[in-house]
Amino acid sequence: MMTSPRLAARALILHQNRLLIVNAYADGQSNLWCAPGGGVHRGESLPDNLRREIFEETGLIIDVGAPCLVNEFHDPHGSFHQVDIYFHCQIRTGQIHNLWQDPEGIVTQRRFVTRDELLDLRFKPDSLVDVAWAHETDGPRLTYDPLEPIIK
């Protein structure tokens with residue numbers, strides 16, 4: 001059975017030159033980190049979906065800026081295929097604290113990291129470092145990552 005790719009929106013939130021990342025594997029099943037965000041609900045705009053997802057996962061209220069990355073990944077041995085649209089975002093209100101709980105129980109860890117700290121972690125997509133910090137030197141731009149195999 002052929003299924004359509006899943007669409008998700010993700011936020012690149014730099015605060016004091018640190019990027020917000022999350023571990024989106026319940027019960028610490030993986031040490032892979034990514035930008036916060038998630039699946040798009042039909043009938044909601046990408047920015048509205050992203051604001052909802054960021055609040056659920058982190059408790060933060062954000063302003064959504066320009067899109068900066070389209071990333072695709074898939075399971076080459078299964079039917080999973082996802083397209084993530086990344087946006088530069090800024091925190092409007094709130095702060096990260098360990099007591100916050102994702103209502104879906106998927107995001108169990110969240111933290112801000114420097115560029116160097118991120119390079120010492122396992123993360124996806126591969127272009128995350130370059131895209132997250134690119135606007136500081138190059139100005140806003142849109143990047144496309146071709147299809148990557150999914151990893152856990």
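Hydrogens, waters and symmetry mates are skipped; everything else that's a heavy atom, side chains included, is used. Index from 1, following the sequence.
Atom CD in E53 sits 12.0 Å away from atom CG in L46 (nearest 0.5 Å). Note that the CZ atom of R51 and the CD1 atom of I61 stand 11.0 Å from one another [nearest 0.5 Å]. With rounding to the nearest 0.5 Å, the separation of CZ in R10 from CG in N49 is 12.0 Å. A distance of 12.5 Å separates NE2 in H74 from CD in Q82, rounded to the nearest 0.5 Å. Separation of atoms CG (D120) and OG1 (T114) is listed at 8.5 Å; rounding is to 0.5 Å. Expressed to the nearest 0.5 Å, how far CZ of F123 lies from CG of L19 amounts to 9.5 Å.
Linking Ile, Leu, Val, Met, Phe, Trp and Tyr residues whenever their side-chain heavy atoms come within less than 4.5 Å places L14 and W33 in a single cluster.
Here the shortest heavy-atom pairing between A9 and F87 reads CB-CE1, 4.4 Å. Of all non-hydrogen atoms in A35 and L12, the two that sit nearest each other are CB-CD2, 3.9 Å. A11 and I62 make their closest contact through CB-CD1, 4.5 Å (heavy atoms, listed as atom of the first residue, atom of the second, distance). Among all heavy-atom pairs drawn from H88 and V131, the shortest one is CE1-O, 3.6 Å.
A donor-acceptor contact shorter than 3.5 Å links the side chain of S45 to the backbone of D48. With hydrogens and angles ignored, the 3.5 Å screen pairs a side-chain donor or acceptor of N23 with a backbone N or O of S30. Proximity of a side-chain donor or acceptor of D75 to a complementary backbone N or O of F80 within less than 3.5 Å is not detected. A donor-acceptor distance shorter than 3.5 angstrom exists from the side chain of W100 to the backbone of E56, with no hydrogens or angles considered.
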Side chain to side chain contact (heavy atoms under 4.5 Å, CB included) assessment of R111 paired with I21: CA-CA 6 Å; R111 65 192 258 205; I21 57 173; 4.0 Å; yes
Could you walk me through whether S127 and L69 satisfy the side chain to side chain contact (heavy atoms under 4.5 Å, CB included) test, starting with their C-alpha distance in whole Å, then the side-chain angles of each, then the deciding distance to 0.1 Å, before giving a yes or no? CA-CA 9 Å; S127 63; L69 173 64; 3.7 Å; yes
Chi angles and distances behind the side chain to side chain contact (heavy atoms under 4.5 Å, CB included) call for W133, L118: CA-CA 12 Å; W133 278 274; L118 183 58; 4.1 Å; yes
Apply side chain to side chain contact (heavy atoms under 4.5 Å, CB included) to F73 and K124, showing your working. CA-CA 10 Å; F73 61 98; K124 277 295 183 184; over 6 Å; no
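The side chain to side chain contact (heavy atoms under 4.5 Å, CB included) with Y86 is formed by just one residue from the set T143, V70, L50, N71; it is N71. Each of I13, I91, V22, L20 was evaluated against I96; a single residue qualifies, L20, per the side chain to side chain contact (heavy atoms under 4.5 Å, CB included) test.
Atom CD of E44 has more than 12 heavy atoms from other residues, nucleotides or ligands within 6.0 Å. Atom NE2 of H77 sits in a sparse spot, with 12 or fewer heavy atoms from other residues, nucleotides or ligands closer than 6.0 Å. Applying the 6.0 Å contact sphere to CD of E117 captures more than 12 heavy atoms from other residues, nucleotides or ligands.
Hydrophobic cluster membership of L99, counting Ile, Leu, Val, Met, Phe, Trp and Tyr whose side-chain heavy atoms lie under 4.5 Å apart directly or via other members: none, as it forms a cluster of its own.
In this structure the side chain of R18 never reaches within 4.5 angstrom of the side chain of V113, judged on heavy atoms. Within the 4.5 Å cutoff, no side-chain heavy atoms of V40 are placed close to those of I85. Using a 4.5 Å heavy-atom threshold, the side chains of P36 and V107 count as separate.
Of the charged side-chain nitrogens involved, none lies within less than 4.0 Å of a carboxylate oxygen, so that D84 and R6 do not count as a salt-bridged pair.
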